[in-house]
Amino acid sequence: RYLVGDAAGLASPVTGEGIGQALISGREVAREIADPSYRSPSIAELAAKHRRTYDVLYHRRFAGPLYLMARWLLTVPRIRDAAFNRYIA
């Protein structure tokens, strides 16, 4: 009934990283199981960030260029830090 981390598809579509998302989603699902009246705002935030990142990367108009350039762009420290803060942190 519950999916967390990679099973929930929360890994970053940019980097493939998912440890942070797995820890947060696991903790929040455990809280929901322990207290059925609890609804986690963190899971909704994770899903929204993931959806926003995915939408930007795979938008029909930008999909090809952004996907091809993402690996190179993420080597630039300022761009990498901005992307991390906006879409992952």
Side-chain angles (χ1 to χ4, degrees):
R1 181 172 161 179
Y2 295 96
L3 294 175
V4 299
D6 290 350
L10 294 175
S12 168
V14 176
T15 65
E17 188 276 327
I19 297 296
Q21 295 91 321
L23 293 173
I24 292 168
S25 62
R27 179 191 66 215
E28 294 301 304
V29 166
R31 287 179 71 185
E32 287 189 6
I33 291 170
D35 179 5
S37 66
Y38 175 75
R39 289 296 168 248
S40 171
S42 299
I43 291 178
E45 290 172 19
L46 284 174
K49 283 183 181 181
H50 185 278
R51 191 171 26 258
R52 183 175 59 230
T53 304
Y54 186 86
D55 288 347
V56 168
L57 279 179
Y58 297 101
H59 186 276
R60 193 180 259 178
R61 185 175 184 193
F62 303 112
L66 275 179
Y67 186 75
L68 294 173
M69 291 172 36
R71 199 170 233 182
W72 175 81
L73 288 170
L74 291 172
T75 64
V76 179
R78 190 170 179 179
I79 294 172
R80 181 183 59 240
D81 293 346
F84 178 81
N85 290 329
R86 167 112 179 158
Y87 297 108
I88 299 170

Where do [X] and [Y] come nearest, in terms of heavy atoms and distance?
X   : Y   : result
E32 : Y38 : CG-O, 3.4 Å
I43 : S25 : CD1-O, 4.3 Å
E28 : S42 : CG-CB, 3.8 Å
D6  : G18 : OD1-CA, 4.3 Å

* With the side chain counted from C-beta on, respond yes when S40 and R27 share a heavy-atom pair under 4.5 Å apart, and no when they do not. => no
* Counting only N and O atoms by type, is there a donor-acceptor contact under 3.5 Å from the side chain of S12 to the main-chain atoms of E17? -> no
* Can any side-chain N or O of N85 pair as donor or acceptor with the backbone N or O of D81 at less than 3.5 Å? -> yes
* Asked: When rounded to the nearest 0.5 angstrom, what distance separates CZ in R78 from CG in L73?
  -> 14.0 Å
* Asked: Would I24 and L10 show up in the same hydrophobic cluster when neighbours are defined by side-chain heavy atoms closer than 4.5 Å?
  -> yes
* To do: State yes or no: do I33 and V4 share one hydrophobic cluster built from I, L, V, M, F, W and Y residues joined by side-chain heavy-atom distances below 4.5 Å, directly or via other members?
  => yes
* **salt bridge (charged side-chain N to carboxylate O under 4.0 Å, His left out) involving E45 - partner list, sequence neighbours excluded** => none
* Please write out which residues are connected to I19 in a hydrophobic cluster, directly or through intermediates, given that two of Ile, Leu, Val, Met, Phe, Trp, Tyr count as joined at side-chain heavy-atom separations below 4.5 angstrom. => L23
